[in-house]
Q: 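One structure, pasted below without further comment.
The first residue in the sequence is number 1, and the count goes up from there. Because the structure is predicted, anything quoted here is derived from the model rather than measured.
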Amino acid sequence: GYPPLFMCHGDRDDIVPHEWGKGAFENLTSKLGVEGTFHTIPNAQHVLRRKELIMLKEWLNERLPPS
């Protein structure tokens with residue numbers, strides 16, 4: 001199978017519309033069977049925010065074996 005997917009998208013992205021990101025996620029999950037989570041980041045444009053990095057770290061820690 002496919003590895004799990006963690007995806008975030010800003011709701012004010014002016015480069016890649018939020019609908020495109022959400023649509024891509026829905027295609028991956030519904031048509032290909034990819035399992036994952038999609039997070040809409042409020043008031044975010046086409047940037048990576050600290051909040052997303054913290055969410056990604058927590059998501060990875062839940063899936064990776066302890067060191």
Q: As an exercise, state the distance from CG of L5 to CH2 of W59, rounded to the nearest 0.5 Å.
A: 7.0 Å
Q: Rounded to the nearest 0.5 Å, how far apart are CG of L32 and OG1 of T29?
A: 9.0 Å
Q: For R63, does the CZ atom sit with more than 12 other heavy atoms under 6.0 Å from it, leaving out its own atoms?
A: yes
Q: Tell me whether E35 at atom CD has more than 12 heavy atoms from other residues, nucleotides or ligands lying less than 6.0 Å away.
A: no
Q: What is the distance from atom CD of E19 to atom CG of D11, rounded to the nearest 0.5 Å?
A: 9.5 Å
Q: What are the two closest heavy atoms between H46 and V16, and how far apart are they?
A: CE1-CG2, 3.8 Å
Q: Consider only side-chain heavy atoms of I, L, V, M, F, W and Y, link residues closer than 4.5 Å, and tell whether I54 and L56 are in one cluster.
A: no
Q: Sequence neighbours left out, what passes ring pair (Phe, Tyr, Trp, His ring centres under 6.0 Å) with H18? Give chain and number order.
A: H9, F38
Q: Please report the interatomic distance CG(L53) to SG(C8), rounded to the nearest 0.5 Å.
A: 9.0 Å
Q: Could you measure the distance from the CE atom of M55 to the CD1 atom of I41? Nearest 0.5 Å is fine.
A: 4.5 Å
Q: Find the distance between CE (M7) and OG1 (T40) and round it off to the nearest 0.5 Å.
A: 9.5 Å
Q: For the backbone of R49 and the side chain of E52, can you confirm whether one donor and one acceptor N or O come within less than 3.5 Å of each other?
A: yes
